[in-house]
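Fair warning: this is a prediction, and the values are worked out from it, not measured in the lab.
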Amino acid sequence: FAEEAKHLENLGKQTTQIPTLFAYFTEDQRQYLIQEFIDGLTLEQWPKEYGLLSEDQIYFVLERLLVVLKIVHSNNIIHRDIKPANIIFHKEGKDLVLVDFGVSKIVDPSLGTRTGTQVSSLGYTAPEQIMGKARYASDLYSLGATCLELLTGKSPIDLYDFDEAEWQWQKHLTGKKVSIELAQILNKLVTHQIKSRYQTAEEAYQDVNNFYSKKEGSQSPPKASISTQSNAQPSPQTSNQVSKIKINEFMFESVTVNRKGEIIKRTPGRAYYYQENLGSGIFMDMVYIPGGSFLMGSPASEKKQDWSKGKEEPQHRVTVPEYWLGKYQVTQAQWQAIMGNNPARFKGENRPVEKVTWDKCQEFCVKLSERTGKRYRLPSEAEWEYACRAGTSTPFNCGETITVELANYDGNYTYAEEKKGQYRQETVEVGSFAPNGWGLYEMHGNVWEWCEDGWHDSYEGAPVDGSAWNDNYFQTSYKILRGGSWHDYPACFRSPHRGTVTRDYDYDYLGLRLVME
């Protein structure tokens, strides 16, 4: 008991996803562990409060639990009791915490795989563990069974057909669709044959991340979270407009880098969104952006191109009302569904549409609005920067610099002290990189995004209410571009950077992202 307690004490020091062990002792012939109290909902309680988990949320559960299992197993410990009741979403830490190590077991390599005692929770326990031979893969089985329950609302014992000797969980999805790739991952986690199951948490972790970040022909779901502290968004207010749409949540993980481009922080987040049905199985995800104020523009001291000097000044405080913004840049499939054509050079349904003029974007907004009965439009320059920054004040929403692992640009050039990187020389699918702190993807790079505003040489006299700035003929001819593109330098990606071309200009780096008021 003392030996296992010391291992748990060590685990708690290695990750915040395992409660800190404060003390352990024996009293009145009973053994006690005193651990940190994790304040939050268990994943057994979560569906009762918020409904069954979506595919994006299941991804988060897999990703976060596999991370902690890699640590647990690397310390020669098997948890042996992974189930929804033993996973808590910490309302303060905004992460999943694995609890109840009371029946965990240290694996002694000299004893092979036998762990002696039989410990099981009906439905979640791997067959070999029931026989007293738990191994690392047994925890992976329990994690898979947990995910099946969170998807279906059914106990794993009710999802397995003992007559046919096979899992039939997909019959219980109640209209929900799960991608083939995720189904394959879940089925491999819960297969009864150990040799056909994932052998290590690292192996499963790699499959999960490869599926979401590299698979072709599908829009990559976000890295996710169920809630967040600094990234939490107040709930959308129930207005006449909002009441006509079904609001969902998605979870994600944003990152922060230092001047060398090294990730120094990973922050889980939650955002609200709805899906606009464009027909033929094409949807557009719109993320809720809470109203607020921010300091727009950049200080004179911020590193920028000579051309930009003075054009992002003076910094001024702007108050922006709430709105909905596209989670992704408008894709070619979405453009095709509304306009009936695809002007893009770099073809791909889930790549951003490009080679679109400002006027064509206006036509797209009109047709989409007429079809849906909502008002879609290009964002104002203030709305765009407010959403891009997502509460940050650094040059980039990911920190002091940016890397080719976080955006699509010409990696032959650098901004701070990061290394040079890949120059892809084309667009990539939307959702290919980590989102910002509000769950918005590719706000830096891939394609420039048209804004509603006309060009002004500075912010002198700019509106402070978040509205677009159009006040004379020149401003109606030259329109604002934001975000940078696949062929630009990283300095063009800064949150406050401004670009401009004439409204009738089209090229393979010009795209759009929409606002719904």
Inset, instruction - Quick one: do Thr401 and Glu417 satisfy side-chain contact (heavy atoms from CB on, under 4.5 Å)? Show the steps, please. - result: CA-CA 8 Å; Thr401 192; Glu417 300 171 20; over 6 Å; no

To the nearest 0.5 Å, tell me how far [X] [atom1] sits from [Y] [atom2].
X: Tyr136; Y: Leu140; atom1: OH; atom2: CG; result: 11.5 Å
X: Ile18; Y: Asn10; atom1: CD1; atom2: CG; result: 9.5 Å
X: Ile480; Y: Leu378; atom1: CD1; atom2: CG; result: 12.0 Å
X: Trp324; Y: Tyr274; atom1: CH2; atom2: OH; result: 7.0 Å
X: Thr331; Y: Gln329; atom1: OG1; atom2: CD; result: 10.5 Å
X: Arg259; Y: Thr414; atom1: CZ; atom2: OG1; result: 10.0 Å

For the side chain of [X] and the backbone of [Y], is there at least one donor-acceptor N/O pair under 3.5 Å apart?
X: Asn446; Y: Val428; answer: yes
X: Glu55; Y: Ser179; answer: yes
X: His73; Y: Ile71; answer: no

Which atom pair, heavy atoms only, marks the closest approach of [X] to [Y]?
X: Cys147; Y: Leu186; result: CB-CD2, 3.8 Å
X: Ser485; Y: Trp448; result: CB-CD1, 3.5 Å
X: Cys398; Y: Leu406; result: SG-CD1, 4.0 Å
X: Asp56; Y: Lys327; result: OD2-NZ, 4.5 Å
X: Gly439; Y: Phe250; result: O-CZ, 3.5 Å
X: Asp453; Y: Asn470; result: C-OD1, 3.4 Å

Just checking, is any N or O donor in the side chain of [X] or [Y] under 3.5 Å from an acceptor N or O on the other one?
X: Asp359; Y: Thr357; answer: no
X: Gln14; Y: Asn75; answer: yes
X: Asn341; Y: Trp335; answer: yes
X: Asn258; Y: Glu262; answer: yes
X: Thr394; Y: Glu400; answer: no
X: Ser458; Y: Glu313; answer: no

For [X] and [Y], I'd like to know if the aromatic rings sit close, meaning centre-to-centre distance below 6.0 Å.
X: Tyr459; Y: Trp469; result: no
X: Trp450; Y: Tyr505; result: no
X: Phe396; Y: Tyr415; result: yes
X: Phe89; Y: Trp46; result: yes

Inset, instruction - Report the C-alpha separation of Glu452 and Ser380 in whole Å, then their side-chain angles, then the decisive distance to 0.1 Å, and conclude whether the side chain to side chain donor-acceptor pair (under 3.5 Å) test is met. - result: CA-CA 5 Å; Glu452 193 71 29; Ser380 70; over 6 Å; no

Legend entry - Working for salt bridge (Lys or Arg N to Asp or Glu O under 4.0 Å), residues Lys70 and Glu202: CA-CA 6 Å; Lys70 286 195 290 184; Glu202 177 62 31; 2.9 Å; yes

Heavy-atom side-chain contact between [X] and [Y] under 4.5 Å:
X: Val353; Y: Pro343; result: yes
X: Glu363; Y: Val366; result: no
X: Ile338; Y: Leu278; result: yes
X: Ile402; Y: His444; result: yes
X: Tyr409; Y: His487; result: no
X: Glu322; Y: Tyr288; result: yes
X: Thr500; Y: Leu481; result: no
X: Ser369; Y: Lys374; result: no

Legend entry - Stepwise side-chain contact (heavy atoms from CB on, under 4.5 Å) test for Ile88 and Asp39: CA-CA 8 Å; Ile88 299 178; Asp39 190 6; over 6 Å; no

Salt bridge or not for [X] and [Y], using N-O below 4.0 Å?
X: Glu312; Y: Arg494; result: yes
X: Arg345; Y: Glu426; result: no
X: Arg513; Y: Glu449; result: yes
X: Asp95; Y: Arg64; result: yes
X: Glu405; Y: Lys419; result: no

Inset, instruction - In sequence, state the C-alpha distance, the side-chain angles, and the governing distance for Glu517 and Arg377, and then conclude on salt bridge (Lys or Arg N to Asp or Glu O under 4.0 Å). - result: CA-CA 8 Å; Glu517 290 186 352; Arg377 58 171 174 80; 2.7 Å; yes

Inset, instruction - Evaluate the criterion side-chain contact (heavy atoms from CB on, under 4.5 Å) for residue pair Leu65 and Ile87; output intermediate values, then yes/no. - result: CA-CA 9 Å; Leu65 266 295; Ile87 303 168; 4.0 Å; yes

Legend entry - Tyr423, OH: over 12 other non-hydrogen atoms inside 6.0 angstrom: yes

Inset, instruction - Dump the intermediate steps for salt bridge (Lys or Arg N to Asp or Glu O under 4.0 Å) on Lys355 and Asp508, then the final yes or no. - result: CA-CA 5 Å; Lys355 297 198 69 172; Asp508 54 14; over 6 Å; no

Inset, instruction - For Arg270 and Glu249, run salt bridge (Lys or Arg N to Asp or Glu O under 4.0 Å): C-alpha distance rounded to whole Å, both residues' side-chain angles, the deciding distance at 0.1 Å, then the answer. - result: CA-CA 7 Å; Arg270 175 193 65 182; Glu249 292 177 291; 3.2 Å; yes

Inset, instruction - Find out whether the Lys NZ or Arg CZ of Arg498 is both under 6.0 angstrom from the six-membered ring centre of Trp455 and within 45° of the ring's axis. - result: yes

Inset, instruction - Please assess Lys304 against Ser298 for the test side chain to side chain donor-acceptor pair (under 3.5 Å), listing each intermediate value before the final yes or no. - result: CA-CA 9 Å; Lys304 64 196 74 169; Ser298 66; 2.7 Å; yes

Inset, instruction - For Asn342 and Gln336, run side chain to side chain donor-acceptor pair (under 3.5 Å): C-alpha distance rounded to whole Å, both residues' side-chain angles, the deciding distance at 0.1 Å, then the answer. - result: CA-CA 6 Å; Asn342 182 5; Gln336 177 79 43; 5.0 Å; no

Inset, instruction - Verify side chain to side chain donor-acceptor pair (under 3.5 Å) between Tyr328 and Gln334, making sure each step is shown before the conclusion. - result: CA-CA 11 Å; Tyr328 309 107; Gln334 292 163 350; over 6 Å; no

Legend entry - Working for side-chain contact (heavy atoms from CB on, under 4.5 Å), residues Arg351 and Thr427: CA-CA 7 Å; Arg351 290 190 185 198; Thr427 60; 3.3 Å; yes

